[in-house]
Amino acid sequence: MQVIWTNHLKERIQQRGLSPSLVDKAVRFPDQIVKSNTTDSNKHIKTINGYKIVAAVKRQGSDWIITSAWWNYADGRSANTSSSKFFLERWIDSLLRWLEKKLRS
């Protein structure tokens with residue numbers, strides 16, 4: 001089995017500020033798999049640190065082809081990366097705040 005990353009996927013994760021390792025976790029260890037309503041792919045969904053990472057995955061024989069990925073807030077709010085910080089910035093910010101709180105305790 002091979003996991004294939006399309007050029008479209010690479011462009012989208014860079015554009016959306018997604019870490020490739022988080023997308024990989026969503027694909028390999030999803031919390032949920034949902035059949036897409038619009039394409040012949042599945043959505044592999046993984047919740048990580050309050051964010052839902054979604055990867056569109058097609059099967060081709062025994063290979064998995066990841067065609068796109070995006071993120072939303074775990075509470076259901078839609079992420080609008082054009083007006084909000086990129087995912088990684090938000091994740092790093094929350095991690096640093098958590099560390100600061102731990103160090104002060």
*Before giving the answer on side chain to side chain contact (heavy atoms under 4.5 Å, CB included), spell out for W5 and I13 the whole-Å C-alpha distance, their side-chain angles and the decisive distance to 0.1 Å.*
CA-CA 11 Å; W5 292 57; I13 63 173; 3.7 Å; yes
*Take I33 and I45 through the side chain to side chain contact (heavy atoms under 4.5 Å, CB included) test and state the conclusion after the steps.*
CA-CA 6 Å; I33 298 176; I45 303 167; over 6 Å; no
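I65 places none of its side-chain heavy atoms less than 4.5 Å from the side chain of V57. A heavy-atom distance below 4.5 Å is found between the side chains of D63 and I4. Annotation: side chain of R16 is in contact with side chain of S68 (closest heavy-atom distance under 4.5 Å).
For the side chain to side chain contact (heavy atoms under 4.5 Å, CB included) with I53, the lone residue among L18, T47, N72 that qualifies is L18.
Within the structure, salt bridge (Lys or Arg N to Asp or Glu O under 4.0 Å) pairs that include any residue of residues 32-46 comprise D31-K46, D40-K58 (at least two apart or interchain).
Rounded to the nearest 0.5 Å, atoms CD (E11) and CD (Q15) are 8.0 Å apart. L9 contributes atom CG, which lies 10.0 Å from atom CZ of R12 (distance to the nearest 0.5 angstrom). Here R28 contributes atom CZ and I66 contributes atom CD1; the two are 7.5 Å apart, rounded to the nearest 0.5 Å. Note: W71 CH2 to I48 CD1 = 13.0 Å, rounded to the nearest 0.5 Å.
Applying the ring pair (Phe, Tyr, Trp, His ring centres under 6.0 Å) test to W64 and every residue at least two apart in sequence or in another chain returns H44.
Linking Ile, Leu, Val, Met, Phe, Trp and Tyr residues whenever their side-chain heavy atoms come within less than 4.5 Å leaves V27 and V34 in two separate clusters. Put simply, V23 and Y73 are part of the same group of oily side chains (I, L, V, M, F, W, Y) that touch within less than 4.5 Å, one to the next.
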